[in-house]
Protein chains: 2
Amino acid sequence: MTTINDDTIANRISRVLADRIVTGQLEPGAKLRQDHIAEEFGASHVPVREAFRKLEAQGLAVSEPRRGVRVASFDLKEVREVALMRAELEGLALRQAAPHLTSSILDQAEAATVAGDNSRDVRSWEEANRRFHRLILVPCAMPRLLAAIDDLHSVSARFLFSAWRSDWEVRTDYDHRAILGFLRRGNLDNAVAVLERHVQWIGQKPVKSATGSTRDAFAIVG
Amino acid sequence: MTTINDDTIANRISRVLADRIVTGQLEPGAKLRQDHIAEEFGASHVPVREAFRKLEAQGLAVSEPRRGVRVASFDLKEVREVALMRAELEGLALRQAAPHLTSSILDQAEAATVAGDNSRDVRSWEEANRRFHRLILVPCAMPRLLAAIDDLHSVSARFLFSAWRSDWEVRTDYDHRAILGFLRRGNLDNAVAVLERHVQWIGQKPVKSATGSTRDAFAIVG
DNA sequence: CCGTTTAAATTTATAGATAATTTGTGATTC
DNA sequence: GAATCACAAATTATCTATAAATTTAAACGG
């Protein structure tokens, strides 16, 4: 039996590019040239174009009709927009998921919180944080809603990595613990309230640019 | 000057197919064969595949890796899911749009409501209904949010056309009027509350199938 | 009647051709 | 002499045409 090629080349390219954009290896506004990318992946430019379309749908790239596609840029306004959307949709998901939450799931979510608190770098903190959110939301069993939340999470992560690429300070996530506490006690309304506030929390941080001047970086921290 | 080719062939194909799926000309589960579609549009299959990717992102088609793409099917569960998502997101959009609403906009929205009440067929009712929602939400100036709402509206419309393809009874939209009333009086909380309830209202209707048996059809009516 | 093999249809990917946009160069004007 | 406009060349995206791989179906044999 040969190697099972479960997904298409276009999907593979799309995943790699998405990761590069989210982690900041590809900077906002950078041009994505299909021929170059095709060459890098040892493929032709047709699957590359299909990958572009997927990135576009996820909000990670923007395509101008006959002028090519660029990495999507963002500003504080868009950080806020994504935070608000996540708050609403995650609140909805938690309400629907609550009846199906087991103590086993909540234990796993607590473990994810601990893992996040012990994370020494942004990347692993983000991974643990996403695991927490997914764990308590997936039982809502609403695929379209979960897919939408997932896309927003990717964009959130991009903001996060943009602001805290290398320097990350350890902090304890009291919100996650409060949410779990309310869920264990069956107090859904408070759990949702904390979650929605939590996701809207936008961290702010001064960043020194190459010229010595400082600009403010913003990111959703939750 | 020649005909301005503002958008790509792929976008054009995508729009036409989306319309066919939404109006029910293409039934759920129907296979979309790229060569046939390419031939119909006098194009090759590359732009067709790109159109497929867009439809997939909108939730109108599903693609299995090497087995082609089909028109997305749906059930009552998904109707509910879309209704809940629309309720949350439209509520959010209205809250953000409220400070920017002018009496001129509200007048146009009222005109759209009247047009809806006078509509004799589903299609024109849907068009007027969508116009109403867009008018009061667009001033939120959140492009990603509005795009998400727009996609959900398309899916809503698909459910609607599926249930009431030909027989549509005229009805007066009290909810729209109540929303406008609250907005005019500056009572945002009540306006949002009515809107969220309004969008979650799922109409139900018995439909006679070819065999003589009856099944229930469902659709978001708002 | 069921499983295997063969053939047709269809998706996926490649390579090449076309069209449009951008960029660089040169000429003309102020 | 500097700046702007026009034109040309190169780069890049888009589409067509063709080939390879995979799935679906159909036929054959047990």
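Throughout, a chain's letter reflects where its sequence line sits, starting with A, and its residues are numbered from 1.
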*Below 4.0 angstrom, N of the basic side chain to O of the carboxylate: do B/E56 and B/R53 qualify?*
yes
*State whether A/R130 and A/E126 are salt-bridged, where the test is any N-O pair (Lys NZ or Arg NE/NH1/NH2 against Asp/Glu carboxylate O) under 4.0 Å.*
yes
_For atom CZ of A/R67 and atom P of D/dA13, their distance in whole Å_ = 12 Å
*Neighbours of DNA chain C within residues 29-51 of chain A, by heavy-atom distance under 4.0 Å*: A/G42, A/A43, A/S44, A/H45, A/V46, A/P47
*N/O donor-acceptor pair under 3.5 Å between B/D75 side chain and B/E78 backbone*: yes
_Quick one: does any side-chain atom of A/R144 pair with a main-chain N or O of B/L152 as donor and acceptor, under 3.5 Å?_
no
*Is the shortest distance from a Lys or Arg side-chain nitrogen in A/E127 or A/R123 to a carboxylate oxygen in the other one below 4.0 Å?*
no
*Would you call the rings of A/F132 and A/H176 parallel, tilted or perpendicular if under 30° counts as parallel and over 60° as perpendicular?*
parallel
*Would you kindly give the CZ-to-P distance between B/R70 and C/dT11, to the nearest whole Å?*
10 Å
*Ignoring backbone atoms, test whether B/T8 places a side-chain nitrogen or oxygen under 4.0 Å from the OP1 or OP2 oxygen of D/dA13.*
no
*Send over the distance from A/I9 CD1 to D/dA21 C1', rounded to a whole Å.*
11 Å
